[in-house]
Amino acid sequence: MMEQYLALKREAGGSLLFYRMGDFFELFFEDAKIASEILDIALTSRGEHAGEPIAMCGVPVHSAEGYLARLIKAGQRVAIAEQVETPDEAKARAKREGKPSSKVLVARDIVRFVTAGTLTEEALLEPRRANVLVALAEVRGAIGIASCDISTGAMALEECTSQMLSAELARLHATEVIVPEGWEHVPDENVPHDRGAFSSDAGSERLCAVHGVATLDGFGEFSRAMLAAAGGLIGYLDHVGRGKLPLLLPPRLRANASSMAMDEATRGSLEILESQNGNRAGSLVAALDRCSTGAGSRLLAEDLSAPLLDLQLIEERLALVQFWRDRPIERANLRDVLRALPDIGRALGRIVAGRGSPRDLGQIRDGLGEAARIHDWLTREADRPPLLDALLPRLAGHGALIDLLACALVASPPTERGNGGYIAPGYDASLDELRDISGNARRAIAAMEARYRDETGIAALKIRHNGVLGYFIEVPSRHGDALMAADSGFTHRQTMKGAVRFNSLALHEEASRIAEAGGHALAAEDSHFEELVGEVHAAREKIAATAAALARLDVAAGNAERAAQGDWARPEIVDTAELEIVGGRHPVVEAALAKTGERFVANSCTLAPDDRLWLIGGPNMGGKSTFLRQNALIVVMAQAGCFVPANAARIGLVDRLFSRVGASDNLARGRSTFMVEMVETAAILAQATERSFVILDEVGRGTSTYDGLALAWAVVEAVHSRIACRCLFATHYHELARLADSCDSLSLHHVRAREWKGDLVLLHELAEGPADRSYGLAVAKLAGIPAPVVQRARQVLTKLEQARSETGGLAAGLGELPLFAAAAAPEPEQGPEDVLAERLRTTDLDALSPRDALDLLYELKRTLD
Ligand code: ADP
């Protein structure tokens with residue numbers, strides 16, 4: 001057995017091998033150790049191999065799906081080795097080969113690889129997340145990217161430069177990335193695959209074969225790099241499916257730069273699909289998503305990952321959102337209908353991959369039927385926007401298939417195919433006849449039971465059925481003897497504790513009738529199933545188009561719902577380099593605050609070519625990061641075709657969006673945090689264009705004060721004068737304010753705060769002009785630093801500030817310009833008299849008891865001292 005196991009394991013390569021033994025999948029050696037750790041199941045050992053005990057563990061076949069899901073989630077891939085012959089067949093084979101039958105082993109083979117990117121099972125997929133598999137190939141410097149979601153069959157081909165690769169991969173958010181073995185540009189997590197598959201010839205041949213066409217011209221003009229990537233992708237799918245390919249729709253050609261570029265750091269810091277802790281909760285998509293279907297949620301995530309650059313396409317999406325926004329009753333109606341809709345895209349995926357069930361066919365029938373009703377309804381609506389008109393034809397046209405499935409299937413077909421019962425009565429006369437036969441025979445058996453009771457006078461006689469004996473007659477032991485008599489007409493089969501079981505000729509005949517008819521009926525249902533699957537298969541592209549159209553409707557209605565809930569505005573998209581957001585809010589922070597009953601303070605942002613860089617100061621916790629991010633998020637949402645959390649927004653198309661957060665907010669990733677910060681900033685300086693939008697949050701913070709200030713200074717200058725893009729730059733370096741003198745299109749802003757009686761009040765409100773001071777000590781106090789430490793810090797600060805005014809400070813010598821500290825008049829310190837006056841003014845004397853009045857007097861005296 002070990003020999004067979006080891007051969008299969010070699011074939012499985014880097015995947016864990018699930019080796020079928022009876023009702024279990026067993027794992028051995030290293031595989032067993034890895035799996036037992038991840039699954040938290042017992043690790044045992046058995047026998048010996050090469051002098052060592054063999055580690056093993058196992059999972060029951062009937063509950064394997066749950067275990068598989070956990071292994072995949074933990075980043076493993078699994079090869080499933082099944083028995084591919086019965087023990088009888090194995091014995092017969094042994095006989096043919098002249099071997100003793102006791103020695104022969106049932107043949108096993110890997111029937112499938114289960115990998116994160118190639119799942120179709122409902123239980124293993126997340127309903128609201130697309131499951132994307134990507135393959136990469138390089139041809140003469142160009143990198144081809146083939147991506148697909150085999151749970152719905154959607155496939156796209158595109159090309160990029162090696163410099164843009166990580167941004168493109170970040171957009172695709174793949175669960176698995178396939179690369180040619182030994183390729184140098186490998187991303188961090190990848191699966192190498194046979195180089196031979198990654199050639200443009202192999203790619204176009206494979207694509208032609210999959211879609212049964214002689215040329216790919218009808219699908220688009222694909223570059224050699226794209227085709228090579230497609231070759232790798234299909235080669236890999238072929239490998240993991242062991243020759244059975246999943247659903248693949250004709251590849252969509254994704255034009256270069258058809259969406260806003262955002263690299264991984266930007267997506268991470270904006271928390272578009274996942275929050276920093278890796279969950280959907282707390283992300284932009286979670287705050288936005290009011291879709292009624294999983295397919296809608298997946299499409300919304302795709303929209304937000306790839307905001308558009310085409311004004312007209314954005315307007316089309318926005319107009320559809322507006323359509324639903326203006327029709328609250330119809331919107332509620334549509335959302336109700338959609339909510340009840342099955343996920344036909346994924347049902348189709350399973351059917352085409354050969355893993356479909358009668359229930360999946362039922363879902364296709366119900367989903368398409370509902371789509372047709374939506375079509376008829378919307379066709380009657382007036383003032384339809386162009387996108388709706390474009391979607392309508394895709395919702396209908398399945399009449400014949402729906403009718404067929406409606407006649408053929410019962411109302412709610414089972415997920416199990418093996419027991420039959422899913423083909424509706426009336427669909428096939430011969431099947432009905434077979435069912436009648438077994439039905440009649442069952443009734444005959446029931447009648448027989450009554451007759452035998454009468455004839456034998458044994459009221460407790462029963463006719464029963466089990467898997468081993470089939471039908472039998474059972475009487476309690478004390479009546480057993482009466483039926484044992486040779487002429488009783490009964491033959492003894494089994495004596496149990498308390499009961500005796502018999503057979504009779506008549507019962508045997510009826511039972512055979514049932515068995516035979518049942519077998520024929522099952523076979524008939526099976527062949528109908530295959531026919532129906534064939535019909536669905538033939539219509540797969542049209543069904544997928546319907547699923548996509550429903551998802552688009554859902555996204556628009558969901559966005560309209562969200563806009564109505566939050567009173568969001570339709571953004572105006574223009575083709576100039578401006579950004580005017582009135583009363584903008586951060587959707588995630590606002591929702592979080594709402595939970596605790598706090599109000600979010602809306603802030604406006606107006607960038608234009610002559611005032612395109614805002615330098616934002618103010619205390620920590622003052623709301624700088626929130627402001628920066630909310631504006632970036634509003635841009636993303638607007639270009640994705642969503643309404644935005646603002647009173648109004650006018651947004652000049654942004655080609656690339658960059659968001660960077662100073663090092664100390666970031667987790668180290670092997671490199672030092674400051675190094676990460678600088679690498680990321682370098683990328684902005686290399687890639688941003690005049691049409692980009694950049695937010696920089698405390699860049700330069702990860703190093704010493706001098707270095708940090710110097711870098712921040714130089715970065716701002718470069719962004720302002722060389723790149724000339726729109727930019728928001730948050731910083732705590734006061735000295736940077738002096739840049740306003742040399743940079744024409746830069747202006748100073750700050751988040752407002754007040755210190756009152758030593759306590760800090762954060763207003764979260766943006767105002768013009770430089771920040772007056774940093775309030776660092778006040779924030780420290782707010783955070784609970786003990787009072788003596790804060791006092792000591794105050795002493796140190798006073799010393800430092802003295803030194804600064806004597807030497808000219810940190811930024812002395814940066815030019816002839818007056819020092820910022822001198823230019824901005826510091827807010828007058830509150831004297832004790834002011835505090836006294838304030839205290840008296842706010843005290844209601846009539847409410848004081850004589851005792852309180854005395855206490856107040858003492859307090860005032862103390863303040864003066
Ligand atoms: P900073 O970047 O200045 O340190 P943050 O943007 O991280 O400050 O904001 C700190 C906290 O202040 C946030 O977590 C949020 O709770 C609150 N906050 C920020 N902006 C606002 C706002 N506009 N309205 C209300 N609360 C806000």
Side-chain angles (χ1 to χ4, degrees), residues 266 268-271 275-277 281-284 286-287 566-569 581-606 614-634 637 644-649 659-667 673 677 694-702 708 712 716 727-734 736-737 748-755 759-785:
T266 300
S269 92
L270 292 178
E271 305 177 294
S275 68
Q276 302 257 331
N277 57 23
S283 66
L284 174 67
D567 203 9
W568 291 6
I581 294 166
V582 183
R585 277 114 59 199
H586 189 301
V588 180
V589 176
E590 183 175 32
L593 288 178
K595 279 195 190 129
T596 60
E598 279 172 74
R599 203 173 59 85
F600 188 90
V601 181
N603 280 306
S604 301
C605 175
T606 44
W614 279 20
L615 209 56
I616 300 162
N620 269 325
M621 291 300 287
K624 298 186 294 300
S625 307
T626 308
F627 178 71
L628 261 52
R629 288 186 170 90
Q630 84 191 24
N631 291 303
L633 291 178
I634 286 173
M637 291 160 76
V644 298
N647 299 338
S659 167
R660 290 297 181 273
V661 182
S664 51
D665 273 6
N666 255 347
L667 295 176
T673 49
E677 179 185 334
V694 175
I695 62 174
L696 292 163
D697 193 356
E698 301 269 11
V699 161
R701 167 166 63 175
V716 171
C727 172
L728 300 175
F729 192 108
T731 180
H732 65 277
Y733 290 122
H734 289 187
L736 285 184
L748 303 177
H749 303 260
H750 65 278
V751 284
R752 292 184 60 206
R754 280 224 195 93
E755 204 167 351
D759 281 338
L760 184 69
V761 184
L762 299 167
L763 301 173
H764 301 304
E765 193 182 294
L766 209 78
E768 286 187 12
D772 43 11
R773 51 209 165 103
S774 70
Y775 299 98
L777 300 186
V779 175
K781 187 175 163 203
L782 204 64
I785 300 279

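Both ligands and their constituent atoms are indexed starting at 1 by order of listing. Only heavy atoms go into these numbers, but all of them, side chains included; no hydrogens, no water, no symmetry mates.
- Which of E698, H764, R629 comes nearest to atom 22 (C) of ligand 1 through a heavy atom is settled by distance: it is H764.
- Heavy atoms of P619 come nearer than 4.0 angstrom to ligand 1 in at least one pair.
- Per-residue contacts place G623 under 4.0 angstrom from the following atoms of ligand 1 (heavy atoms of the residue considered): 1 (P), 3 (O), 5 (P), 6 (O), 8 (O), 9 (O), 19 (C), 20 (N).
- No donor-acceptor pair under 3.5 Å is formed between the side chain of R660 and the backbone N or O of S269.
- Of the polar atoms of F600, none of the N or O atoms is found under 3.5 Å from an N or O of ligand 1, judged by distance alone.
- Neither the backbone nor the side chain of A602 has a heavy atom within less than 4.0 Å of ligand 1.
- At the top of the distance list for atom 2 (O) of ligand 1, counting protein heavy atoms only, stands S625 OG, 2.6 Å.
- Considering backbone and side-chain atoms alike, T626 places an N or O below 3.5 Å from some N or O of ligand 1.
- In this structure, CD in Q276 is found 9.5 Å from CG in L270, a value given to the nearest 0.5 Å.
- Counting only heavy atoms from C-beta outward, the side chains of C605 and Q630 never approach each other to under 4.5 Å.
- To the nearest 0.5 Å, the span separating CG on L728 from NZ on K624 amounts to 13.0 Å.
- Taking CD1 from I695 and CD1 from I616, the interatomic distance works out to 9.5 Å, rounded to the nearest 0.5 Å.
- Taken from OG1 in T626 to CG in L766, the straight-line distance is 11.5 Å, to the nearest 0.5 Å.
- For atom 14 (O) of ligand 1, the protein comes within 4.0 Å by no heavy atom at all.
- The shortest N or O to N or O distance between V601 and ligand 1 is below 3.5 Å.
- In this structure, R585 and N647 have side chains that are in contact, with non-hydrogen atoms separated by less than 4.5 Å.
- The heavy-atom pair separating H764 from N603 by the smallest distance is O-ND2, 3.1 Å.
- Interface of R599 with ligand 1, defined as ligand atoms under 4.0 Å from a residue heavy atom, comprises 25 (C).
- Under 4.0 Å from ligand 1, the heavy atoms of L593 that appear belong solely to its side chain.
- Within the set M621, Q630, H586, E765, the minimum heavy-atom distance to atom 11 (C) of ligand 1 is found for M621.
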